Each structure stands twice: as C-alpha cells, then as structure tokens.
Amino acid sequence: MVNKFMLLPLWGRAAILLFLLIIVFGSIFWKVILWFLSVIPFLLRFIFRYLYLLTEIPVAALHKRFGAGFQNIDNQLSYIGERIDLVLEGWYKAWHWPKEFHFGKVLLIYILCMIAIVLPAFIKTDNNVVKVGETIYSKYEGALLLQFEKQGWYDPNKAVAVNYIEQPEDNKIEVELFETSLIVTGIRTSLLVRDAPSMTDGSILGRLQNEDTVLWHGEMCFSETDNGQIEPWVKIITVDGIEGWSRLNYLHPIEYENLEFEVYLKEEN
C-alpha cells in the first residue's frame, strides 16, 4: 500500500497526506489544537502589556511634570494600547474557547500549504527560499517513511519510479557491483538527492554541495526529462547515510579530481 502511494507524483502524495492531516484530523482535534495554540496570543498580550508599561511610565511622568503639553501623547498612547489589548484578548478567546469549526479557513490553510509544496516543481527553480515548503514536506515525509520501514510496511527497494526507462530483457547485462567515491562539482545551488531518478516525481531526501563526496555501488539508470532528453542518474549514499538518486552530470570519480589534461590540436597539412 505504501509502496504504491510512493509511486504517485509529489503533488499527489502531498495532497493526500495534507488532506488527512489538516482536513480529517484537523476537524476532529481542532478544538484541542486551537486551545494549545492560544498560548501565542496569551504570550503576545503579556509582552505587549510589559512594553506598554515601560513606555507609559516615562510619558505619564512627563505629563505630570510639564502638564498639558504631554496630555495628548498620554491619551493617544492609552487609546492605542487599549485597542491593541482588545484585539489580542479577542484572538486569545477565539482560540482558547472555540465555538465552531471554520471549514473555509481550514481549506484555505490546506490550499496555501499545497501551493508552497508544489510551486517549485511547476516553476522549475532551485531557489532555496522558494523550496522551503517542498523541503519541509520532504523532510517529514522521509521521517514518516522511515517509521513505516521500521514497522515493515514500506520497502524502498520495491519502489519503482514511473519514468524509469526499462531495458528489454535480452539487452540486460548482469554485472558485479563495486564501490567507488564520487565528488560533486559544477553546481550553482545544490545537487538534490531524490528517492527516484526524476526531477518531477519523488521526494527530496537531501542536498549536496560542491566538493561533497558520496559512495556509488555501480547502480545507474536513465530518465527522460521534460524536454524529451535522456540523462543518467546514479544511486548514491551520502556521508549522512542518505541513500537516493542524483544526476550523474554533476558527479565524477574522486581519483580524477586533481588530474590535469592537456589538449593538443593537430595541424592539418
């Protein structure tokens, strides 16, 4: 069941998990959740009253000493302080003693979370700021899969990406796997480690920077990009123990790192 779920694209998995988390569990436990979250306006109100007191004391002293010159300032400060305090109190009561379930607000939160997760994949960007939602989701999805794997409900070795290019049986060659170190070079932001060899499907398991080294046991496949090109992917293991797929274009054997090559042009007669 979980293996079939992981064959879904990122937006499909996020839609299902967020629906269960926000819509289903949110509708059941929303009172308890809001009750705990009411500590936010409670603390804000406490901090505001403390800051207001620090401001009001010197203004009141100046008003008392110099008279009407500071009366308007004192009155305006008291009015603004009262309005802010009432807003924070209303916020606290609405969360501490919730009366009804606001489906529209919960649905809005669901839609905003979905946009934050799937937007980077649609606009094709590697910007870390834009990818915050996708990164957070992938992190917690990976933690959830790890628990499923410990319980025996998920086997990552049986998960197959939908865009693998299968080779005919008569063209497959059995080779003995080996182990070698690869080094990351030529990237501008980060090289993604994914659970499937695809730029659109699958989850992000980690990120690599230039000069990072990984282990490769010889497992490689080819994946088709959005523009129809074929590119190689290799299954690697990072120094943090993360096992996943990365694009081979930005990896090369570490033993060739310091070699220099000279190119000679042959003169034509």
Side-chain angles (χ1 to χ4, degrees), residues 1-49 51 83-149 151 153-154 159 162 189-190 192-196 198-207 244:
M1 183 68 178
V2 180
N3 283 46
K4 292 182 179 180
F5 171 77
M6 290 306 299
L7 293 178
L8 297 174
L10 176 65
W11 64 267
R13 301 198 310 271
I16 294 174
L17 288 180
L18 286 179
F19 179 82
L20 293 175
L21 179 64
I22 297 178
I23 304 297
V24 177
F25 291 102
S27 62
I28 299 174
F29 301 106
W30 70 276
K31 284 189 176 182
V32 178
I33 294 172
L34 286 181
W35 191 87
F36 278 105
L37 289 178
S38 66
V39 71
I40 297 175
F42 176 82
L43 292 177
L44 288 177
R45 193 181 183 197
F46 176 80
I47 294 172
F48 168 74
R49 288 186 173 186
L51 294 176
R83 301 303 299 176
I84 295 177
D85 190 72
L86 288 175
V87 171
L88 293 176
E89 182 182 8
W91 181 7
Y92 171 74
K93 289 182 177 180
W95 282 14
H96 197 67
W97 300 300
K99 296 180 179 180
E100 58 183 19
F101 179 70
H102 299 282
F103 180 80
K105 294 181 180 179
V106 176
L107 182 61
L108 177 61
I109 294 174
Y110 173 81
I111 294 174
L112 292 177
C113 290
M114 278 297 301
I115 292 175
I117 293 172
V118 304
L119 182 62
F122 281 100
I123 64 177
K124 311 296 182 184
T125 179
D126 287 329
N127 187 285
N128 292 330
V129 176
V130 180
K131 282 179 167 288
V132 168
E134 181 188 57
T135 302
I136 294 176
Y137 171 80
S138 299
K139 176 182 177 181
Y140 286 101
E141 184 188 72
L144 181 63
L145 289 176
L146 182 61
Q147 296 301 318
F148 286 163
E149 186 177 353
Q151 298 296 326
W153 301 338
Y154 171 63
V162 294
T189 54
S190 61
L192 302 180
V193 181
R194 294 179 174 269
D195 65 347
S198 169
M199 291 297 293
T200 55
D201 300 322
S203 302
I204 298 176
L205 305 179
R207 298 174 184 272

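Please read these numbers as outputs of a predicted model, since none were measured by experiment.
Other residues, nucleotides and ligands place more than 12 heavy atoms under 6.0 Å from the CH2 atom of Trp91. More than 12 non-hydrogen atoms from other residues, nucleotides or ligands lie less than 6.0 angstrom from OH of Tyr110.
Cys113 and Ile22 get closest at one heavy-atom pair: SG-CD1, 4.1 Å. When all heavy atoms of Ser190 and Arg207 are compared, the closest pair comes out as OG-NH1, 3.4 Å. Scanning all heavy atoms of the two residues, the minimum distance from Leu37 to Trp95 falls at O-CE3, 3.4 Å.
Ring orientation note: the planes of Phe42 and Tyr92 are tilted relative to one another, at an angle of 30° to 60°.
For the atom pair CD1 (Ile117) and OG1 (Thr135), the distance works out to 10.5 Å, reported to the nearest 0.5 Å. Note that CG of Leu18 is 11.5 Å distant from CG of Leu112, once rounded to the nearest 0.5 Å. Note that the CD1 atom of Ile115 and the CD1 atom of Ile111 stand 7.0 Å from one another [nearest 0.5 Å]. Note that the CG atom of Leu17 and the OH atom of Tyr137 stand 4.0 Å from one another [nearest 0.5 Å]. Here Asp195 contributes atom CG and Glu141 contributes atom CD; the two are 7.0 Å apart, rounded to the nearest 0.5 Å. Note that CG of Leu88 is 7.0 Å distant from CZ of Phe48, once rounded to the nearest 0.5 Å.
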Derivation of the side chain to side chain contact (heavy atoms under 4.5 Å, CB included) call for Phe19 and Val24: CA-CA 6 Å; Phe19 179 82; Val24 177; 3.7 Å; yes

Candidate pair Lys139 and Ile136, rule side chain to side chain contact (heavy atoms under 4.5 Å, CB included), full reasoning: CA-CA 5 Å; Lys139 176 182 177 181; Ile136 294 176; 5.7 Å; no

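Between the side chain of Ser38 and the backbone N or O of Trp35 there is at least one donor-acceptor pair closer than 3.5 Å. A donor-acceptor pair is defined here as one N or O able to donate and one able to accept, closer than 3.5 Å; such a pair exists between the side chain of Arg194 and the backbone of Ser198.
Scanning for side chain to side chain donor-acceptor pair (under 3.5 Å) contacts around Glu134 gives Lys131, with sequence neighbours left out.
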